[in-house]
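Reminder, nothing fancy here: chain letters follow the sequence lines and each chain counts from 1.
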Amino acid sequence: MTEVRTRFAPSPTGFMHLGGVRTALYAYLFAKKNGGKFILRIEDTDQERFVEGATEVIYDTLKGCGMDWDEGPDVGGDYGPYVQSERKHMYLPYAQELVEKGAAYYCFCTKEELDERRAAAEAKGEVFKYDKHCLNLSKEEIQEKLDAGTPYVIRLNCPTEGESAYDDEVFGHISFPNSDLDDMVLIKQDGMPTYNFANVIDDHLMGITHVLRGMEYLSSTPKYNLLYKAFGWEIPKYVHLTTVMRDAQHKLSKRDGDAYYSDFIEKGYLKEALINYLALVGWNPGDDREFFTMDELIDAFDVKRLNTSPGIFDVTKLTWMNAQYIAKMDFDAYLEMATPWFDKVLAGKGMDYKRLAELMQSRTEVFNRIPDMIRFLAEMPEFSDELYFHKKMKCDAQVAKENLQLVLPVMEGIEKWNEQNIHDIVMAAIQESGKKNGAVLWPLRIAISGQANTPGGAFEIAYLLGKDETIRRMKDSLAKLG
RNA sequence: GGCCCCGUGGUCAAGCGGCCUAAGACACCGCCCUUUCACGGCGGUAACCCGGGUUCGAGUCCCGGCGGGGUCACCA
């Protein structure tokens, strides 16, 4: 059996679309699962869209996620170059070979003529298809035009009758009427190959055995196969992947600002969580497992379990999964990642970040939500007395006032301001007063945090705030209660 | 519009003719734990697009309709 070789062939646009990351992931998983090679090829033939540093974005994303390629522009390989712009000169001879074989032909129709005819067809509500006009040119006529330097393109001569069919690894048997096939351009007027042509040549030359790509290629695949057949090359296996959607009607798009890998990383999603979640949109292991390391994914991956219906990218579920990953992170790693987010609102406050991180880790869903969660530590928020009301804690503004007056002197008397002391001393005072824990602790927490939900209880918050700030806030809140 | 693909709860998704009075996860709701929230535990609401077949029996097979997506470039 020949070695399995898959490839990921992105255009360097400067951004990695999540759909692309998933395609790369599946291609990587498939290759590794089968002990094969994963190849990276940069398709940068579109010089107009060239973006500085764009290939680095691709490298960084793939590497960051743990998808190491066996062959590629930077690591080399036996089938290079792996950058399409460096392969420019390779394609024309192949197209000429096809012309000699009668599978392709020169076409001298100008773009203007074609546009006109296309417009006319559309006006009549018809689908425009090239009419093979130049196929009928005699050898002499062709040579004459060639000699005269008339601009030309090379087109594939597609059959017009019968049907083309192939078996996709995920969609199964797919057939198309040949009458729908248009004689696609292989070589453009500038001598450069079209994307589709270059793709076939490159894939063959690089020994790609399995082509994993988006399902938008489902209907152009018959033309690809025609090329392989004309050359007498072996047709690779096709694994067409469903589209990742934003909702039932729309693909994930850059316009919505949530289509790129980097968007999520910047917000504070962990790449492991992103990869894990992405793997599950359109694929499942066949059992109830949901959490996978890259190695586990490789082990579990099976093309047979790829879905045929498109999946919606559910940020809510991704967020849940991200929170799970964060909760299981190594504490020091969490502290390091969280620190810049703590700094956004607490820089220079001398806050105990370690303790804060301990309290925050199990509550962090996405890192960018941290500032809003801890802003109250930097500045006392405005709040209404109604916050003191809590039925279960048997508390309201009046009770709050009484109980705050009770604990204020107790807290002022605490010498060593650490959590244990605050806890022990305040609890003892509550015990002595005969009051309910909740009736005292609930208003205490409100009085020093100004909000109903906080990452931690009254003692933790009081400790983080420090004695001076805690007392100051208690007095202010008490004053407000009149 | 032609052609192609797809159609199980709000979302992901199991199901491959009887084990389905349809799993699991997210979300949502309730309860428990708890000085709040979160975590955790327990429970609940919620689906086979519609219509015809085939069959003793259909979510599962076939046909049609409807709905959604894709594709019809000298773009990649």
Side-chain angles (χ1 to χ4, degrees), chain A residues 9-11 13 43-46 48-49 84 107 109-111 114-115 118 122 125-129 151-155 168 171-172 174-177 179-182 184-190 192-196 198-199 214-222 240 242-243 245 247-251 277 280-284 286-290 305 307-321 323-324 327 359-365 373 390 392-393 423 426-427 430 436-446 449 451-461:
Chain A
S11 282
T13 59
E43 308 221 329
D44 62 345
T45 50
D46 191 359
E48 285 178 26
R49 272 199 241 168
Q84 218 164 46
C107 172
C109 296
T110 66
K111 200 172 178 192
L114 259 22
D115 286 345
R118 196 188 323 274
E122 268 166 31
E126 290 169 8
V127 177
F128 176 77
K129 211 183 115 184
Y152 66 89
V153 300
I154 295 179
R155 283 180 185 276
D168 185 86
F171 289 96
I174 295 174
S175 65
F176 294 85
S179 54
D180 283 351
L181 264 30
D182 196 11
M184 69 166 175
V185 171
L186 268 22
I187 296 293
K188 298 186 271 187
Q189 206 176 87
D190 61 5
M192 289 297 118
T194 53
Y195 167 82
N196 293 301
N199 229 270
M215 65 174 289
E216 60 268 27
Y217 294 98
L218 222 41
S219 44
S220 46
T221 300
H240 284 105
T242 55
T243 316
M245 309 290 283
D247 57 46
Q249 275 73 19
H250 309 273
K251 292 202 250 189
Y277 176 69
L280 262 14
V281 179
W283 174 83
N284 73 81
D287 54 40
D288 287 341
R289 283 179 298 165
E290 291 197 292
R305 301 208 64 92
N307 279 122
T308 48
S309 52
I312 294 172
F313 187 85
D314 184 1
V315 182
T316 305
K317 179 136 189 185
L318 165 66
T319 300
W320 165 78
M321 186 166 269
Q324 297 290 314
L359 293 168
M360 289 294 290
Q361 186 164 4
S362 70
R363 293 163 228 256
T364 307
E365 293 187 299
M373 293 170 75
H390 193 295
K392 207 174 144 195
M393 298 301 151
H423 173 274
V426 173
M427 287 306 269
I430 294 173
K436 287 270 190 194
N437 290 349
V440 179
L441 297 174
W442 171 266
L444 206 210
R445 196 176 55 83
I446 300 296
S449 72
Q451 53 193 45
N453 302 334
T454 54
F459 303 132
E460 287 91 349
I461 303 304

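- Look at Arg363(A) and you won't find any side-chain N or O under 4.0 angstrom from OP1 or OP2 of G40(B).
- In this model, the phosphate group of A13(B) is approached by a side-chain N or O of Asn307(A) to a distance below 4.0 Å at OP1 or OP2.
- Taking side-chain N and O atoms only, Arg305(A) has no distance below 4.0 Å to OP1 or OP2 of C12(B).
- Nucleic acid contact for Gln249(A): sugar-phosphate only, since backbone atoms but no base atoms lie under 4.0 Å from a heavy atom of the residue.
- Using a 4.0 Å heavy-atom cutoff across all strands shown, Phe459(A) reaches at least one base atom of the nucleic acid.
- Pairing for A46(B) is absent, judged as Watson-Crick or G-U wobble with the two contacts each under 3.5 Å.
- Salt bridge status for Glu216(A) with Lys251(A): absent, with no side-chain N to carboxylate O gap under 4.0 Å.
- Heavy atoms of Gly282(A) sit under 4.0 angstrom from primed sugar atoms or phosphate atoms, though from no base atom.
- Within the 4.0 angstrom heavy-atom criterion, base atoms lie near Ala458(A).
- Distances shown here put a side-chain N or O of Asn284(A) below 4.0 Å from the OP1 or OP2 atom of A14(B).
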I'd like to know whether Trp442(A) forms a side chain to side chain contact (heavy atoms under 4.5 Å, CB included) with Lys392(A), so could you lay out the CA-CA distance, the side-chain angles of the two residues, the decisive distance to 0.1 Å, and finally the verdict. CA-CA 10 Å; Trp442(A) 171 266; Lys392(A) 207 174 144 195; over 6 Å; no
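- For Lys188(A), a side-chain nitrogen or oxygen approaches OP1 or OP2 of C75(B) to under 4.0 Å.
- Note on Thr316(A): only backbone sugar-phosphate atoms sit closer than 4.0 angstrom, heavy atoms only; bases stay farther off.
- No contact: Thr221(A) has no heavy atom under 4.0 Å from any strand.
- The residue Val153(A) sits close to a base: some heavy atom pair falls under 4.0 Å.
- When the P atom of U11(B) is taken as reference, atom CH2 of Trp283(A) falls 22 Å away, rounded to whole Å.
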